[in-house]
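All remarks here apply to the structure that follows.
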There are 2 protein chains.
Amino acid sequence: MPTVEIRRADILKASAELFAAKGVATTTVRAIASQVGVRSGALYHYFPSKDAIVQELLHTYVRELKARYDEEAPRSLEPRVRLRAIVEVSLRTAADDPHTTTVYQSELTNLRDVPEYRHIKELADEAQQCWLEAIDDGKRAGVFRDDIPSKVFHRFIRDAVWLSVKWRHPEDAYTSEDLARDCMAIFLDGFAA
Amino acid sequence: MPTVEIRRADILKASAELFAAKGVATTTVRAIASQVGVRSGALYHYFPSKDAIVQELLHTYVRELKARYDEEAPRSLEPRVRLRAIVEVSLRTAADDPHTTTVYQSELTNLRDVPEYRHIKELADEAQQCWLEAIDDGKRAGVFRDDIPSKVFHRFIRDAVWLSVKWRHPEDAYTSEDLARDCMAIFLDGFAA
DNA sequence: GTCTATAGCGGGATAGAC
DNA sequence: GTCTATCCCGCTATAGAC
């Protein structure tokens with residue numbers, strides 16, 4: 001295990017923290033270096049640019065997310081079960097890496113339109129297709145109501161799940177499992193008594 | 001009607017558009033001036049700083065939002081009716097001014113911790129208290145289920161409503177009234193068939 | 001009231017010593 | 001591999017002409 005990989009991981013971790021707290025644009029390379037405990041020049045031995053840090057952070061994140069969806073929420077599952085699996089995987093991912101999740105949710109759409117980010121956005125789209133498949137399959141199977149546009153329900157549940165990273169903290173007594181259960185309860189059965 | 005007020009309004013409008021599209025931090029004063037059709041120096045006859053533009057934009061917005069909640073969703077309404085009114089007012093506000101809504105949702109939490117923003121954040125908190133009151137009153141009245149934390153339901157429906165500004169466009173055939181109806185349908189009765 | 005021009009600053013990135 | 005030092009750029013904000 002070469003030291004260079006450890007340093008790269010340190011840099012990515014520090015970057016994620018700062019990016020999540022103050023935004024990518026307002027986080028300086030000097031601040032990242034300071035968090036890691038080196039001078040800014042040293043960072044450039046590990047990454048060619050600040051942009052490259054953002055790219056690697058998000059690329060790794062979304063690649064892993066898509067892999068987890070494919071692994072734990074295959075299309076062969078019954079739609080309600082699959083949707084629940086997607087919610088659980090997402091919430092677990094958010095709990096495992098809340099900082100990168102925040103960056104992913106807050107800034108992916110606004111990032112520069114360079115080919116690198118285009119590729120990341122395509123991967124993100126693929127991941128989100130899993131949600132839509134489960135919803136549409138469920139409608140066809142008659143387990144979800146068909147008087148609500150799939151896109152609308154998708155945005156609602158998707159935002160509920162992902163935005164939880166902004167208010168549920170990992171050390172809360174209210175765990176991501178609690179949240180997954182309540183999420184499914186509300187979105188499937190409603191909040192009416 | 002002095003020209004100065006019109007110019008100020010032009011500047012605020014252009015700023016909101018650019019801030020929403022690319023974020024406050026990455027929007028330059030020069031870009032705002034260019035959008036208005038003047039040079040950057042001219043802006044400083046209307047606002048003392050870029051920060052002052054952001055502040056006035058958000059202060060006006062949140063003050064108006066709170067006033068609308070008080071006017072159209074008073075506590076005297078039955079909880080479900082009040083919640084629906086809050087949802088409708090919010091969606092109408094988002095449709096009326098999608099750009100400032102986007103800034104309000106994306107950047108309020110991350111803005112500098114100066115007293116000016118503190119005041120705006122307090123107003124925003126007051127506005128969000130209306131949601132929580134309606135939810136808690138509904139629980140006490142027995143019309144909402146009490147096995148889900150109010151805070152959780154609040155975040156879910158709040159994010160569903162406000163984040164719609166990122167995907168529903170004002171000219172969509174799917175109107176904000178359609179969205180309000182579907183929102184209440186999902187959150188009260190659920191998506192299960 | 002808007003312009004041109006620029007001061008002043010802080011940012012990303014680089015060069016070269018150690 | 002990290003440092004110091006610095007280049008170069010673009011930004012906010014200001015000064016002063018028109």
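All chains are named by letter (A, B, ...) in the order of the sequence lines, taking the proteins before the strands, and each is independently numbered beginning at 1.
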Nearest-nucleotide pick for R30(B), side chain only, options being dC3(D), dA13(C), dG10(D): dG10(D)
The single option from T109(A), L108(A), L58(A) passing side chain to side chain contact (heavy atoms under 4.5 Å, CB included) against K121(A): L108(A)
Nucleotide dG11(C), atom C1' - distance to CG of L43(A) in whole Å: 14 Å
Y44(B) side chain, from C-beta outward: closest of dA13(D), dC11(D), dG12(C): dA13(D)
Verify same cluster id: F47(A), L111(A) (apolar side-chain graph, 4.5 Å): yes
Sugar-phosphate only, base, or nothing, as touched by F47(A) at under 4.0 Å among non-hydrogen atoms: nothing
Proximity to the side chain of S40(B) - top-ranked nucleotide from dA13(C), dA13(D), dT4(D): dA13(D)
For atom CD1 of I32(A) and atom C1' of dG12(C), their distance in whole Å: 11 Å
R7(B) CZ - dC3(C) C1' separation (whole Å): 13 Å
Short side-chain to backbone donor-acceptor contact, D70(A) and A67(A), under 3.5 Å: no
Sugar-phosphate only, base, or nothing, as touched by T26(A) at under 4.0 Å among non-hydrogen atoms: nothing
Y46(A) OH - dT14(C) C1' separation (whole Å): 17 Å
Per R39(B) side chain, nearest of listed nucleotides dT4(C), dG12(C), dT12(D): dT4(C)
Nucleotide dG11(C), atom P - distance to NZ of K50(A) in whole Å: 9 Å
Under 3.5 Å side-chain donor-acceptor pair for D96(B) and T93(B): no
I11(A) CD1 - dG12(C) C1' separation (whole Å): 15 Å
